[in-house]
Structures are given as structure tokens and as C-alpha cells.
Amino acid sequence: MSDIEPKEDLSQILRHRREKLEEVVKRGMQPFVYNYSATSSTIAAIEGFEAAEAGGTLDEEGYSEPVQIGGRLVGWRDMGRSVFAHVEDGQGRIQLYFRNSVVGESSFDALSVLDISDWIGAEGRIFRTRTGEVTVQVEGWTLLTKSLRPLPFGKVETNAQTGERTVYGGFQDQEGRYRQRYADLAVHPDVREVFRTRAKVITELRRFLDGEGFLEVETPVLQPLYGGASARPFVTHHHSLDQRMYLRIADELYLKRLVVGGFERVYEIAKDFRNEGLSRVHNPEFTMLEWYQAFSDYEDQMGLVERMLVHVLDSVVGERVIRHGDDEIPVTVPFRRLGLVSALSGALGEDVHEMSLEDLIGRAHELGISDLEGSGRGKLIDKLFGELVEPQLIEPTFVIDHPKELSPLAKVHRDDDRLTERFEMYIGGAEIFNGFSELNDPIDQRDRFEAQAALRDEGDEEAQQIDDDYIRALEYGMPPTGGVGMGVDRLVMMLTGQSSIRDVILFPILRSEE
RNA sequence: GCCUCGCUAGCUCAACUGGCAGAGCAACUGACUCUUAAUCAGUAGGUUCGGGGUUCGAGUCCCUGGCGGGGCACCA
């Protein structure tokens, strides 16, 4: 056992809790018991009571059969010889009524060792109080875990008519909530709900892909060479191999090796790591879903994305709507398709294909876009698009057919060799999906890698490296393949109405304390 | 990395131009056997984020460091 702080430095409140701990022991109670058998959750107990009430199976005085409830103490109202309290478990909360004449003198007296945020078990029959709240009349109780640090619960006022809850005080400090997510979760049921939804989303993504015949696989996190995206990596070192290793920035190149190997439909849900800044929509460690399907192209994949999104909305949200700020964005299939170059040409009022590099730089300057050094044609087009068109992509939209320089892993467009067969799907102005007809010509792939290497030599730290082993795999032959990557965190943001990625990641990256 | 706002009791927040650091909740003591933001009476609780400076006097002004929120940049 290690103390976070020496006892003499404890604040008054923490000292009082330690003293109560001693009091618990003195009374012969266990402060940290080993288990407890609840007969039902708080919610199930309430529902069971209401069913019995409606069915007329309560006794003459309106009491149910006995139940045992386990939970955390979240509210306490001491009335002298009776006490009202609330306990909360993973599902909900229920009121407890301790009455001196019911629990007995010594058991009632022992209530003095309890504090808000202790875990307790209570048993008794359920009734409805004069004010109408379904309540356990406690006949016996047990301390399960003594809490030595009070949780910052606010006071909850429940409007009897509307059931609406107002919380007073509480735990507002964002930093504290991220650093002590355990306390944030303990105090905020709605935060727990966001993460339940996140889990459901991931379950449904899996269910959907499994149903489509995809195989879930795992590929290396530690890689000798990183690739599959444009980003700076985290670098680490393996001691016994004495070798530099990178944390993956994408799963792409490994998954396509598997398609070469004969797994025709594969997917992976995995953490990727990009050594970049933090923002409302960027955490350096984030969850990515990627899948690859043999014998398909990007058109097929757009169809799959549409079906997948509808499946997740139907099964998790229950309606085909995405909340974005105060707006509700209807999700209707098929989604709009917008050619990147033609959309940008429209916004600029001239044909992007006809514009020289100097023209593009000029327009970028006019728009106040800085940091153009080292930007090639592709990056410029991308920046202009990001500035002029992207913010307007609120309803689900596939932006398609990106310039070749932007997409070193995508097949050249079958009708226009300046473009690739690629799409990015935007909702609410944010990119969620990115997919393409996968480049499977090893000679073309080497050329593209070499073009990337040239960019790299010019100082583009995000340009991709040449991956000879991947080219060797392509030389064996990869069938025509469509692939898609999706930011799981961003999708969860959309589905839960959260505006910061930190609110859908349990432990977002923060600078270390101290 | 830049801009900006913030950091005061366990929590949520006050403290006008520099002038005795405060409140509500939580805690502690007591009263109260259907309360629900329970109520009532009383008590205690502070390195005002750290360091330095100006001043008779700094939570407040200046310098410096730390951490965070928001925005920008970076990030397909």
C-alpha cells in the first residue's frame, strides 16, 4: 500500500474519513468486504415493484417481496430517527428508507459510519412513499466498501411532474474530469451513457462486417516501417533486436498483404498513433476501423458505407438522424457525390486542371492560407478545398476523385489519369470515412512511393516511405480490391452529439501532472 | 508552436479603482420517524497554481515558470 499523501497533510475532510474507517473497524464491521449478492439492480427493483403494483400482487400494506440492492451512496437526508438515502448502481438509482424502529437500534446507530460515495448493500421490501417515490424500506444493511475520498456529487433536484433533473454544484472542472475520469464517470451518468453508446457502436460495426462475410484480424502495432497514411509517427526501440520501431499510423498496408494472402474480406478495429497536435477532433492515439474487400471498387465501397451507417443508426440511435450542434442532419441514402476537382473549380470560378502551380498559390494567398512552403499541387488543391468547400459539407457527402498526388495508394481513375478513384465521406463538416479502389499495380505503386520519397527529401515529414516488402506482396498479385478507413472516435462523436473527441475517449492524452 | 481565457476551502463560485480572503453545497456537533437541492442552530476548514519583483500593503499590478479550457496552425 502506498499513500498518495502522508496522513498529517490530509485535509480535514480526508481525515474525517480515515477516522470513520477506524470507527468501522472498532464496531467490528469490515470496511472492504469481499462480495455481495444483490437480487436485482436498482432499475429492475423499481420495475418489479411497479409491475407488482399494477398487477395487484403487493401485500395489503403495499409492500413487495424482499430484495437486496447493492450500490454507491449518492444522497443522504438524516431526519433523526429515520434517514432517506439514494444508492446508485450501474443502471440507475433507488431511494432507501432507514427507520430506527425497523432496522433496529444498533444497526440504525451504526449508520453514522456511512458517507456519501461508500458502497453498501441493503435489503428490505419496497413500497411507495407518501410523495410517490419507489423506495426500499431497509431491514438490514452492510457496508461493502468504505470510501476515503468523497466524490464531488452535485445535488440533484428531480422535478416531480416532468422527471427533469437539475444538478447543483457538481464536478465542472474539465481538466479534473479528464484526469480523474473515474470520478467524472462516478458522478455523471450521462458520461457513462456516452461510453455505453460507444461500445454499442463498435459492437454493431463488428456485427455488420461479420454479417457481410468479413474476417476480423489483428496486425502489428509495432512496425519496422510505418505507412498507409501521411503522418508523423511515434518512434520507439526494441532492445534485444536493437532495432528502431514505430507505432503504426494506419493498418492499411498489412491488411492488403492479407488480401494478397487470400483473405478476401478483412477488417481490423485498432488504435493508431499519430505524433501530431491535439484538437477538438484529434487525439494522438485514436481508434480506426479499416476494411478491404476483394473484387470490389470504390463505387461498391460507397454503397457499403451507406449500408453500414444506416445499420449503425438503426441499431444504436433508433433514427436516421445525426445531431450536429443544434441541428439535426437527416441521413438519407444514397448520399450526395461531389467531385473534388469540379467542386473546387466551381468555388474558385475557374477550372483547377487548367490552373498552374503559381495560379493555385496566388489563390491560396488571396484566401490568407499560410504555410505553403513545400506544398505541391496536390497539397494546394487539398488546402483550397479544405478552406472553400469542406465547411459546407454538413449533410452526408462523398467527395470523390482526388488528384493523384494526394493518394499514393489509390488506383488511377479509369476515365481520367490525373485523378484517382477515391472518396472521403463528410458529415457535419468533418471527414469520417476515406476509401478507394486500391492500387494493386506494383510498378505504379513503386513509382508513387518514389514520388513520396521525393516529397520527403524536400522536407515533407509526412510523406510516405518506400515499403519494399509491400511491393513484393503486390508483385505476387492482389485482386482488385476496395478499401475503407473510418475514424471510430469521430463517428461516436456524431452519434452522441459530443463536440470534443476527448469526450468520447475514456482517458484522453493530457500533459503529465507534476 | 501562436492567440486568448482561466487556476481562490473537498466541490461550485465571489472579493469595485491594490486595503482584515468570503458564500452555497460537502464536512463536524446538536435537534427532528415519509424526506427528496430536506429543514433549523452552532463549529471548523485556505501555501489564493509555483518562484521572483513593485508597494506601507498584492488574490488583485509586473516578470517568470507550470497546468488546463477555447480558438488558430499542424493534422488527407
Side-chain angles (χ1 to χ4, degrees), chain A residues 9-17 19-20 74-86 93 95-103 108 112 115-117 127-133 135 137 149-160 165-179 183 187 228-232 249-250 274-284 286 340 368-371 378-379 381-383 385-386 390 399 402-403 405-410 420 422-424 426 431 433-434 436 461-462 464 485 487 499-500 502 510-514:
Chain A
D9 287 352
L10 294 179
S11 72
Q12 185 190 49
I13 284 185
L14 298 189
R15 272 202 319 274
H16 281 139
R17 295 256 169 152
E19 285 160 15
K20 283 202 183 176
V74 298
W76 189 264
R77 291 176 298 284
D78 189 337
M79 310 284 302
R81 276 182 283 279
S82 70
V83 171
F84 288 89
H86 274 98
R93 55 170 64 189
Q95 181 168 254
L96 303 181
Y97 179 41
F98 297 90
R99 196 179 164 115
N100 175 298
S101 56
V102 175
V103 288
F108 190 85
S112 64
D115 286 300
I116 297 281
S117 62
F127 72 112
R128 199 178 274 282
T129 62
R130 200 172 290 162
T131 47
E133 181 161 351
T135 300
Q137 164 114 301
R149 186 181 289 271
L151 286 163
F153 283 108
K155 292 223 164 189
V156 180
E157 180 182 29
T158 310
N159 184 310
R165 279 185 170 184
T166 316
V167 178
Y168 298 86
F171 191 23
Q172 300 299 326
D173 177 49
Q174 277 302 328
E175 177 185 354
R177 291 176 59 183
Y178 294 140
R179 286 196 192 281
V187 163
S230 306
R232 290 169 62 187
I249 60 173
R274 298 188 182 174
N275 208 338
E276 289 156 356
L278 293 79
S279 83
R280 209 172 56 72
V281 288
H282 295 89
N283 195 62
F286 63 101
L340 188 151
I369 301 172
S370 54
D371 253 350
K379 273 217 157 173
I381 290 174
D382 187 50
K383 278 182 190 257
F385 184 82
E390 221 174 272
V399 172
H402 298 57
E405 311 90 276
L406 281 178
S407 314
L409 298 165
T420 53
R422 176 177 176 185
F423 67 84
E424 292 179 299
Y426 289 80
E431 180 203 338
F433 293 88
N434 176 29
F436 31 88
E461 286 184 80
E462 288 152 9
Q464 304 198 21
S499 57
S500 171
R502 292 180 159 184
L510 296 173
R511 214 177 284 268
S512 307
E513 287 184 272
E514 301 305 310

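Residue numbers begin at 1 in each chain, while the letters A, B, ... track the order of the sequences. The analysis underlying the following values was restricted to heavy atoms, covering all of them including side chains, and did not include hydrogens, waters or symmetry mates. Fair warning: this is a prediction, and the values are worked out from it, not measured in the lab.
Nearest-nucleotide positions on RNA chain B place A:H86 closer to the 5' end than the other of A:Y178 and A:H86. Ranked by how close their nearest RNA chain B nucleotide is to the 5' end, A:R99 and A:E157 are led by A:R99.
Using a 4.0 Å cut-off, some side-chain N or O of A:R274 falls inside it from OP1 or OP2 of B:rA76. At B:rA38, one or more side-chain N or O atoms of A:K155 fall inside 4.0 Å of OP1 or OP2 (strictly under the cut-off). Contact annotation: A:R179 reaches the phosphate of B:rG68 (side-chain N/O to OP1 or OP2, under 4.0 Å). At the phosphate of B:rA27, neither OP1 nor OP2 sits under 4.0 Å from any side-chain N or O atom of A:K20. In terms of phosphate contacts, A:R280 brings a side-chain nitrogen or oxygen within less than 4.0 Å of OP1 or OP2 of B:rG71.
Residues A:R17 and A:K20 are not in side-chain contact: their nearest non-hydrogen atoms beyond the backbone lie 4.5 Å or more apart. Side-chain atoms of A:P152 and A:V187, non-hydrogen and from C-beta on, do get closer than 4.5 Å to each other. Between A:R93 and A:V156, some side-chain heavy-atom pair lies under the 4.5 Å cut-off. Between A:V102 and A:F108 there is no side-chain heavy-atom pair separated by less than 4.5 Å. A:E390 has its side chain out of reach of A:E431: every pair of non-hydrogen atoms, C-beta onward, lies at least 4.5 Å apart. Residues A:N434 and A:R422 meet the side-chain proximity criterion, which asks for heavy atoms closer than 4.5 Å. Side-chain contact between A:P284 and A:N275: absent, with no pair of heavy atoms (C-beta onward) separated by less than 4.5 Å.
Comparing the C1' positions of B:rA21 and B:rU29 gives a spacing of 26 Å, expressed to the nearest Å. Spacing of C1' atoms, B:rG66 relative to B:rG30, comes out at 45 Å, to the nearest Å. The same atom, C1', is picked in B:rC61 and in B:rU48; the two are 16 Å apart, to the nearest Å. Rounded to whole Å, the C1' atom of B:rA58 lies 30 Å from the corresponding atom of B:rC2. Rounded to a whole angstrom, the distance from the P atom of B:rU55 to that of B:rG18 is 16 Å. B:rU47 sits 36 Å from B:rC40 when the C1' atoms are compared, rounded to a whole Å. Atom C1' of B:rC7 sits at a distance of 15 Å from the matching atom of B:rC11, rounded to the whole Å. The separation of B:rA31 from B:rC20, taken at their P atoms, amounts to 39 Å, rounded to a whole angstrom.
B:rC11 atom C1' lies 13 Å from atom CZ of A:R17, rounded to whole Å. Spacing between atom CZ of A:R81 and atom P of B:rA31 amounts to 9 Å, rounded to whole angstrom units. Rounded to an integer number of Å, the gap from CZ of A:F84 to C1' of B:rA38 is 10 Å. The distance from atom CG of A:N100 to atom P of B:rA31 is 13 Å, rounded to the nearest whole Å. Here B:rC74 presents its P atom at 18 Å from CD1 of A:I249, a figure rounded to the nearest Å. Atom NE2 of A:H402 is separated from atom C1' of B:rA76 by 7 Å (rounded to the nearest Å). Residue A:D173 contributes atom CG, which lies 9 Å from atom C1' of B:rC7 at whole-angstrom precision. Rounded to an integer number of Å, the gap from A:Q172 CD to B:rU8 P is 14 Å.
Residue A:H16 has its side chain nearest to B:rA27 when only B:rA27, B:rC11, B:rC34 are considered. The A:E424 side chain lies nearest to B:rA76 when the options are B:rG70, B:rA76, B:rA38. Here the side chain of A:I13 is nearest to one of B:rA73, B:rA26, B:rC34, namely B:rA26. Comparing B:rC11, B:rU33, B:rA76 by their closest approach to the side chain of A:A229 singles out B:rA76.
Counting non-hydrogen atoms under 4.0 angstrom, A:F127 reaches a base of the nucleic acid. Across all strands, A:L278 comes closer than 4.0 Å to base atoms (heavy-atom distances). At the heavy-atom level, A:Y97 lies under 4.0 Å from base atoms of the strands shown. Residue-level contact check: A:V156 touches the backbone only, with heavy atoms under 4.0 Å from sugar-phosphate atoms and none from bases. Using a 4.0 Å heavy-atom criterion, one finds that A:S101 contacts the bases of the nucleic acid, with or without backbone contacts as well. Using a 4.0 Å heavy-atom distance criterion, A:R128 is classed as making no nucleic acid contact. Residue contacts shown for A:D78 include a base, since a base heavy atom lies under 4.0 Å away.
If you check distances only, the side chain of A:R77 does reach the base of B:rU35 with a donor-acceptor pair under 3.5 Å. Evaluation of atom-type donor-acceptor distances gives no pair under 3.5 Å for the side chain of A:E133 against the base of B:rU35.
Residues A:P403 and A:L340 share a closest heavy-atom pair of CD-CD2, 4.1 Å.
Looking at residues two or more places apart in sequence or on another chain, you find a side-chain contact (heavy atoms from CB on, under 4.5 Å) between A:S500 and A:Y178, A:R280, A:R502, A:D503.
The aromatic rings of A:Y97 and A:F84 sit parallel, their planes meeting at an angle under 30°, below the 60° perpendicular limit.
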Exercise. Dot-bracket for RNA chain B: what is it, with Watson-Crick or G-U pairs under 3.5 Å, [ ] where a pair crosses earlier ones, and | for a pair to another strand?
Worked result: (((((((..((((.....[..)))).(((((.......))))).....(((((..]....))))))))))))....

